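Have a look at the structure below before the remarks.
As the structure is a computational prediction, the values presented were derived from the model and not from experiment. Each chain gets a letter, A, B and so on, in the order its sequence line appears, and its residues count up from 1.
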Amino acid sequence: MRLLPLILTSLGMKYWLMKSEPSTFGIDDLINKPAQTEHWDGVRNYQARNMMRDDMKVGDRSFFYHSNCELPGIVGIMEIVREGYPDFTQFDPGNVHFDPKSKRENPTWMMVDVKFVRKLSRTISLQELKQVPELAELALVRRGNRLSVMSVTEQEWDLILALE
DNA sequence: GCCAACGTTGGC
DNA sequence: GCCAACGTTGGC
């Protein structure tokens with residue numbers, strides 16, 4: 001029976017939020033990729049790396065967050081379509097994310113592949129998210145938090161989408 | 001462009 | 001293992 005594992009997988013679906021600067025790679029860039037799919041390279045933070053390596057599974061959903069821009073906020077939804085594998089940019093001396101200390105036989109940095117699901121009807125801004133008391137525990141709105149990949153609970157996910 | 005808040009590095 | 005210096009993130 002193949003159905004049971006499928007159901008269990010579905011029940012265990014997790015939710016995430018991933019940041020990107022739209023001047024570098026925004027949601028429209030994802031839409032324009034072949035199959036609307038792209039690897040999420042360039043994460044150079046161990047906590048974020050661990051989540052991509054250990055916890056993100058195919059089928060999980062993630063918010064696409066625009067950071068460091070005119071209106072920082074959540075702009076869309078994507079799906080994880082490939083689980084953690086080595087981020088090739090760490091080996092490329094010409095890449096801004098090159099890491100000379102990382103070895104091919106034991107890569108330091110991981111990435112996942114994401115696929116565009118949909119845009120939100122509007123940007124749900126950081127400012128707006130900060131004003132929702134039920135979202136106070138969300139890493140995004142906590143003071144000084146700079147994690148570029150973070151988990152979102154199902155309750156938080158639903159609450160955020162209800163703002164749309 | 002400023003700068004607070006972090007994470008990382010490296011001397012000791 | 002401490003911690004000062006430094007680099008980065010990212011809101012504003």
Side-chain angles (χ1 to χ4, degrees), chain A residues 14-33 38-56 60-80 83-153 155-157 159-164:
Chain A
K14 292 186 291 296
Y15 301 94
W16 306 95
L17 181 147
M18 300 165 87
K19 296 179 184 174
S20 185
E21 302 190 12
S23 60
T24 306
F25 186 79
I27 190 148
D28 289 327
D29 296 307
L30 179 59
I31 290 172
N32 290 326
K33 289 288 169 185
E38 179 67 317
H39 48 267
W40 201 267
D41 64 277
V43 173
R44 295 293 181 269
N45 170 282
Y46 286 102
Q47 212 180 330
R49 188 276 314 266
N50 292 348
M51 285 187 276
M52 292 201 297
R53 185 190 61 191
D54 306 329
D55 302 326
M56 273 190 187
D60 285 359
R61 293 293 165 108
S62 178
F63 285 129
F64 196 126
Y65 179 89
H66 279 176
S67 66
N68 210 0
C69 58
E70 200 171 328
L71 184 62
I74 295 169
V75 294
I77 296 174
M78 32 192 195
E79 180 183 351
I80 308 304
E83 289 166 18
Y85 64 107
D87 177 344
F88 63 87
T89 63
Q90 69 197 301
F91 306 122
D92 178 3
N95 193 285
V96 287
H97 297 297
F98 176 59
D99 181 355
K101 286 178 294 181
S102 183
K103 302 295 166 217
R104 282 184 187 275
E105 58 274 20
N106 186 20
T108 307
W109 306 112
M110 298 284 156
M111 61 185 181
V112 297
D113 286 356
V114 296
K115 183 182 172 66
F116 174 77
V117 173
R118 72 174 179 92
K119 266 190 181 183
L120 300 193
S121 56
R122 65 184 185 88
T123 300
I124 300 177
S125 70
L126 175 64
Q127 185 193 10
E128 191 176 347
L129 295 168
K130 280 179 172 171
Q131 286 164 4
V132 181
E134 294 90 341
L135 295 177
E137 295 302 310
L138 190 65
L140 185 75
V141 304
R142 307 209 62 158
R143 206 167 80 104
N145 198 297
R146 301 177 310 171
L147 263 187
S148 65
V149 175
M150 67 189 72
S151 68
V152 174
T153 67
Q155 289 82 356
E156 289 165 340
W157 180 271
L159 211 74
I160 290 167
L161 284 181
L163 298 173
E164 185 184 6

For A:H39 and A:F88: C-alpha separation, side-chain torsions, deciding distance, then whether side chain to side chain contact (heavy atoms under 4.5 Å, CB included) applies. CA-CA 10 Å; A:H39 48 267; A:F88 63 87; 3.5 Å; yes

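- Distance from the side chain of A:K19 is smallest to C:dG10 among C:dG10, C:dG11, B:dC6.
- Atom CD1 in A:I74 sits about 14 Å away from atom P in C:dG10, given to the nearest Å.
- Heavy-atom neighbours of A:K119 NZ from other residues, nucleotides or ligands within 6.0 Å: at or below the threshold of 12.
- As a whole-Å value, the separation of A:L147 CG from C:dG10 C1' is 13 Å.
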Check against salt bridge (Lys or Arg N to Asp or Glu O under 4.0 Å), A:D87 and A:R44: CA-CA 10 Å; A:D87 177 344; A:R44 295 293 181 269; 3.0 Å; yes

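- Across residues 123-144 of chain A, A:R143, A:G144 each have a non-hydrogen atom less than 4.0 Å from an atom of DNA chain B (numbered order).
- When the side chain to side chain contact (heavy atoms under 4.5 Å, CB included) test is applied to A:L161, the partners found at least two apart in sequence or on another chain are A:F63, A:I77, A:R118, A:L120, A:W157, A:E164.
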Between side-chain atoms of residues 66-76 of chain A and protein atoms elsewhere (two or more places apart, or another chain), which donor-acceptor pairs fall under 3.5 Å?
from: A:H66; atom 1: NE2; to: A:I27; atom 2: N; distance (Å): 3.1
from: A:N68; atom 1: ND2; to: A:E21; atom 2: OE2; distance (Å): 3.3

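- Here the closest non-hydrogen pair linking A:R146 and A:K19 is C-NZ, 3.8 Å.
- Near-neighbour residues of DNA chain C inside residues 38-47 of chain A, defined by a heavy atom below 4.0 Å, are absent.
- Note on A:Y65: a side-chain N or O is less than 4.0 Å away from OP1 or OP2 of C:dG11.
- Between the CZ atom of A:F98 and the P atom of C:dT8 there is a distance of 15 Å, rounded to whole Å.
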Result block: side-chain N/O donor-acceptor pairs under 3.5 angstrom for residues 124-140 of chain A, not counting sequence neighbours:
from: A:S125; atom 1: OG; to: A:E128; atom 2: N; distance (Å): 3.1
from: A:E128; atom 1: OE1; to: A:R122; atom 2: NH1; distance (Å): 3.0
from: A:E128; atom 1: OE1; to: A:R122; atom 2: NH2; distance (Å): 3.4
from: A:E128; atom 1: OE2; to: A:R122; atom 2: NH2; distance (Å): 2.7
from: A:E137; atom 1: OE1; to: A:R142; atom 2: NH1; distance (Å): 3.0

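- Put simply, CG on A:D99 is 16 Å from P on C:dG7, counting in whole angstrom units.
- Using a 4.5 Å heavy-atom threshold, the side chains of A:W109 and A:D41 count as separate.
- Between the CG atom of A:L17 and the C1' atom of C:dT9 there is a distance of 15 Å, rounded to whole Å.
- Where A:N68 and A:N145 meet DNA chain B, the nucleotide closest to each residue was compared, and A:N68 sits on the side nearer the 5' end.
- Between A:L71 atom CG and C:dC12 atom P the separation is 11 Å, expressed in whole Å.
- Partners of A:E38 according to the side chain to side chain contact (heavy atoms under 4.5 Å, CB included) rule, which considers only residues two or more places apart in sequence or in another chain, are A:F25, A:L30, A:K33.
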